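Here is the structure we will look at, set down as structure tokens.
Only a predicted model underlies this, so the values are computations on that prediction, with no experimental measurement involved.
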2 protein chains.
Amino acid sequence: MNSTDVRKRITIKDVAQAAGVSTQTVSRVMNKFSYVSEETRQRVETVVNQMGYHPSTLARSLIQQRSYTLGVVTFGLKYIGPSRTLNGVADKADELGYMLLMKDLDNFNINRIDEVIDSLLARQVDGIIWVAPEIGENHTWVEERKEKIPVPVLFLAMRPRPGIPSVATDNYQGAVMAIQHLLDCGRKKIGHISGPISWWEAEERKRGWRDTLRAAGLDASDYHCTEGNWSSASGEQAFTQLLERYPDMDAVFVANDQMALSVLRETYRLGIRVPDQLAVVGFDNIAESAYFHPSLTTISQDLQLLGEQAVQSVVEMIQSMQQDQPIIAQSKFIQPTLVIRESSL
Amino acid sequence: MNSTDVRKRITIKDVAQAAGVSTQTVSRVMNKFSYVSEETRQRVETVVNQMGYHPSTLARSLIQQRSYTLGVVTFGLKYIGPSRTLNGVADKADELGYMLLMKDLDNFNINRIDEVIDSLLARQVDGIIWVAPEIGENHTWVEERKEKIPVPVLFLAMRPRPGIPSVATDNYQGAVMAIQHLLDCGRKKIGHISGPISWWEAEERKRGWRDTLRAAGLDASDYHCTEGNWSSASGEQAFTQLLERYPDMDAVFVANDQMALSVLRETYRLGIRVPDQLAVVGFDNIAESAYFHPSLTTISQDLQLLGEQAVQSVVEMIQSMQQDQPIIAQSKFIQPTLVIRESSL
DNA sequence: ATATCCTATGTTATCGATAACATGTTATCG
DNA sequence: CGATAACATGTTATCGATAACATAGGATAT
């Protein structure tokens with residue numbers, strides 16, 4: 001509508017012409033570290049500011065064969081976990097001068113995976129971070145494609161495997177801490193509500209529960225455990241079922257806080273006193289858990305840090321690659337912490 | 001380490017050579033809609049598949065002056081609200097063939113805003129979506145810069161203003177629904193715990209509360225309202241304070257579910273029966289609210305839809321711009337819905 | 001004083017694709 | 001049957017920047 005609306009992009013040529021130098025000189029001024037006389041530098045800089053010139057990262061990416069952009073593939077952004085992780089990724093990427101090209105996958109469709117990877121590569125991302133839980137065999141595609149992807153790929157929340165770079169919370173250790181805490185409180189009959197056991201994280205948490213109890217000479221069979229799907233609704237069901245099976249249980253370790261919330265709700269409804277009759281420990285430490293009643297003892301995992309570490313690792317790999325050094329595929333573990341609140345005192 | 005690791009990008013030239021045609025012909029095959037003989041098409045396609053060729057979106061963006069990428073600026077990704085919105089944005093963008101270039105701002109720093117916009121523009125984004133709440137005067141920069149940004153910019157969760165495209169939940173209407181519901185239940189003394197009143201959303205919700213009560217000839221002054229900062233911790237304080245001021249209150253409308261959670265917790269601690277003595281209504285309908293006890297009546301806002309609408313609008317604006325049509329700056333409102341649960345029956 | 005290096009800047013090639021134009025072949029039409 | 005249109009393909013210019021190379025003057029070294 002407005003005729004001044006026709007804002008053409010200002011290019012390096014425009015600047016060069018206005019400053020009476022070659023584009024190469026402008027490029028030198030913009031990128032520092034090259035011979036330019038102080039006088040010329042000033043003149044060019046003045047013009048750059050006046051015209052409001054900003055170099056096209058796009059053009060630069062093309063010639064330099066790197067984009068200073070990381071691809072991030074998320075799975076279920078709508079859940080709070082991935083988005084907190086993404087926050088860490090975003091922060092660290094910003095700090096290290098990278099932008100994020102994002103793709104959210106709603107369901108794990110193998111066909112879409114190739115498509116997504118290709119679309120990221122077509123935009124020259126320098127590395128890829130995969131923010132997706134390991135479920136069943138959904139990681140197998142990696143082994144198959146690993147050799148074909150020309151940039152470093154890192155996996156979050158995946159079981160550590162030699163040769164595959166990953167960063168994950170130590171879910172096993174978290175569970176061990178939770179159970180140890182309950183044992184320290186004198187509990188002996190500790191049930192478990194697990195997540196969907198095809199998820200690696202659910203499996204690890206369950207394994208921590210089982211191993212710790214058995215090491216203490218206590219019961220921990222599948223009989224003392226029921227399975228939910230992470231949702232509060234499923235937690236309610238799983239708890240009812242567990243209570244039937246294991247009526248004299250004196251504590252329950254719930255694989256996430258959402259499910260623990262409905263456990264608390266049910267205990268209230270059934271008149272079970274928490275923590276006197278039944279201690280409850282969750283996992284994740286979502287913001288609300290401090291305000292459940294009773295407030296929830298839980299395992300806090302630092303998802304922000306998880307995301308940051310992921311970026312750190314990928315960027316290191318990118319740098320190695322750039323210097324033609326071999327890439328060392330590391331697997332990092334982030335230790336969770338125990339947060340003791342009313343539900344287990 | 002592995003010598004086959006040196007995976008060079010396959011370019012259109014490689015394909016052209018292998019297929020014995022010009023690059024232009026390959027381009028024609030890739031982009032359809034142009035004269036290519038069936039025979040040539042087949043031959044090229046075979047080579048493309050064999051070599052695993054994927055065109056560089058980067059190079060294409062450069063020549064076509066458009067990237068099929070949207071810039072998304074978020075403010076506080078760590079909160080569940082923005083990330084649910086982002087989910088909607090991601091889905092719709094995917095559906096319409098766009099990728100997302102993301103930047104998260106942790107605090108509202110005017111200097112950084114320019115920098116962020118520039119970095120997005122340097123990467124040729126076709127449009128920008130601003131996923132940030134309107135707080136105080138933080139929108140003023142827009143009016144100043146609007147003319148200088150060569151692509152459509154849309155704002156989420158901002159007060160509708162003529163000439164500035166935006167999409168927002170109708171917070172006022174949501175509050176009206178909440179209060180109307182309480183009135184229908186026979187409540188007459190309805191207090192309010194607001195969000196930080198410098199936030200537009202907090203202001204709107206409060207306004208809906210006030211107007212509806214006054215229209216019904218009931219009390220609604222600042223005396224019947226206290227202010228929190230959205231967090232559960234602040235909700236506890238705000239509730240304690242409100243209860244002192246307004247002891248015979250028979251209902252409270254809390255500006256978000258997190259704060260409502262601690263209100264429920266406090267009522268329990270103080271022996272106030274919900275809903276008999278005090279009805280509670282929240283806002284947002286977070287996943288957990290159905291499992292609070294009592295379960296929370298709340299206003300559900302469809303953040304997913306919000307994000308989708310935003311992308312829809314921006315893409316429409318991009319298309320108008322491409323056809324040199326004037327851009328019509330629309331402001332859309334998304335209607336929230338009332339979810340009745342135990343806390344207000 | 002001549003060879004050599006450092007400084008300062010310009011010129012040309014290049015990244016990977018598409019746009020614009022050119023050219024030749026085969027149908028179609030009056 | 002010659003003109004015109006539709007088809008099929010190639011050639012050259014271009015997007016906006018940087019890499020690689022070239023050039024020339026002044027400082028330094030021997």
Side-chain angles (χ1 to χ4, degrees), chain A residues 7-45 47-48 51-69 118-119 121-126 150 322, chain B residues 7-45 47-48 51-69 118-119 121-126 150 322:
Chain A
R7 289 163 300 238
K8 230 195 72 227
R9 171 173 271 282
I10 293 152
T11 73
I12 199 170
K13 273 189 200 165
D14 303 325
V15 176
Q17 190 160 35
V21 296
S22 74
T23 61
Q24 191 56 227
T25 301
V26 177
S27 175
R28 288 190 182 107
V29 171
M30 298 304 287
N31 296 294
K32 315 275 157 55
F33 309 117
S34 189
Y35 304 121
V36 180
S37 71
E38 190 49 34
E39 191 208 322
T40 312
R41 151 157 285 127
Q42 299 255 331
R43 184 151 42 94
V44 171
E45 272 169 355
V47 174
V48 164
M51 304 183 78
Y53 167 65
H54 296 283
S56 161
T57 307
L58 210 63
R60 175 187 286 151
S61 301
L62 188 58
I63 185 77
Q64 294 190 150
Q65 300 286 58
R66 69 179 296 194
S67 61
Y68 287 95
T69 301
D118 288 338
S119 69
L121 293 178
R123 285 172 168 85
Q124 288 278 9
V125 293
D126 297 336
Q322 215 121 64
Chain B
R7 290 163 298 239
K8 230 194 74 225
R9 170 174 273 283
I10 293 153
T11 73
I12 199 169
K13 274 189 201 167
D14 303 326
V15 176
Q17 192 160 34
V21 296
S22 73
T23 61
Q24 191 57 228
T25 300
V26 178
S27 175
R28 288 191 182 105
V29 171
M30 298 303 288
N31 296 293
K32 315 276 157 55
F33 310 117
S34 190
Y35 304 123
V36 181
S37 71
E38 192 48 35
E39 190 208 324
T40 312
R41 150 157 286 126
Q42 300 254 332
R43 185 151 40 95
V44 171
E45 272 169 355
V47 174
V48 164
M51 304 182 78
Y53 167 65
H54 296 283
S56 161
T57 307
L58 210 63
R60 175 187 286 149
S61 301
L62 189 57
I63 184 77
Q64 295 192 150
Q65 301 284 62
R66 69 179 296 194
S67 61
Y68 287 93
T69 301
D118 288 339
S119 68
L121 293 179
R123 285 171 167 84
Q124 288 278 10
V125 293
D126 297 337
Q322 215 121 64

_Quick check: closest heavy atoms across M51(A) and D14(A), and the distance to 0.1 Å?_
CE-CB, 3.9 Å
Could you go over nucleotides 5-9 of chain C and give all protein N or O partners under 3.5 Å, atom names and distances?
| from | atom 1 | to | atom 2 | distance (Å) |
| --- | --- | --- | --- | --- |
| dT7(C) | OP2 | Y35(A) | OH | 2.6 |
| dT9(C) | OP1 | S37(A) | OG | 3.2 |
| dT9(C) | OP1 | T40(A) | OG1 | 2.6 |
| dT9(C) | OP2 | S37(A) | N | 2.9 |
| dT9(C) | OP2 | S37(A) | OG | 3.3 |
| dT9(C) | OP2 | T40(A) | OG1 | 3.1 |
| dT9(C) | O4 | R28(A) | NH2 | 3.4 |

*asked:* If I take atom CD in residue Q65(A) and atom P in nucleotide dA19(D), what distance separates them, rounded to the nearest angstrom?
replied: 12 Å
*Atom CD1 in I12(A), atom CD in Q24(A): separation rounded to 0.5 Å?*
7.5 Å
*Q64(A) CD to dG16(D) P, straight-line distance once rounded to whole Å*: 17 Å
*asked:* Can you give me the closest heavy-atom contact between S67(B) and T57(B), atom names plus distance?
replied: O-CG2, 4.2 Å
*Base, sugar-phosphate, or nothing: which does Q24(B) touch, judged by heavy atoms less than 4.0 Å apart?*
base
*Taking a pair as Watson-Crick (N1 to N3 plus N6-O4 or O6-N4) or G-U wobble (N1-O2 and O6-N3), both under 3.5 Å, which stems of 3 or more consecutive pairs involve DNA chain C?*
C:1-30 with D:1-30
*Any side-chain N or O of S27(B) less than 4.0 Å from the OP1 or OP2 oxygen of dA17(C)?*
no
*Using atom CG of D14(B) as one end and atom C1' of dA17(C) as the other, report the distance to the nearest whole Å.*
13 Å
*What is the distance from NE2 of H54(A) to P of dA17(D), rounded to the nearest Å?*
11 Å
*Give the minimum heavy-atom separation between P55(A) and A122(B), together with the two atoms involved.*
O-CB, 3.4 Å
*To the nearest angstrom, how far is R60(B) atom CZ from dG16(D) atom C1'?*
18 Å
_Between dT18(C) (C1') and K32(B) (NZ): distance, integer Å_ = 16 Å
_Least distance between heavy atoms, V26(A) atom then Y53(A) atom_ = CG1-CE2, 4.5 Å
*Under 6.0 Å from the CD atom of E45(B), do we count more than 12 heavy atoms belonging to anything else shown?*
yes
*How long is the span from the CZ atom in R123(B) to the CZ atom in R123(A), to the nearest 0.5 Å?*
13.0 Å
*Any chance you could measure L62(B), atom CG, to S61(A), atom OG, to the nearest 0.5 Å?*
10.0 Å
*dA17(D) C1' sits how many Å from L121(B) CG, rounded?*
17 Å
_Could you check whether atom CD of Q65(A) has more than 12 heavy atoms from other residues, nucleotides or ligands sitting under 6.0 Å from it?_
yes
*asked:* Output the rounded distance in Å from CD1 (I63(B)) to C1' (dA17(D)).
replied: 13 Å
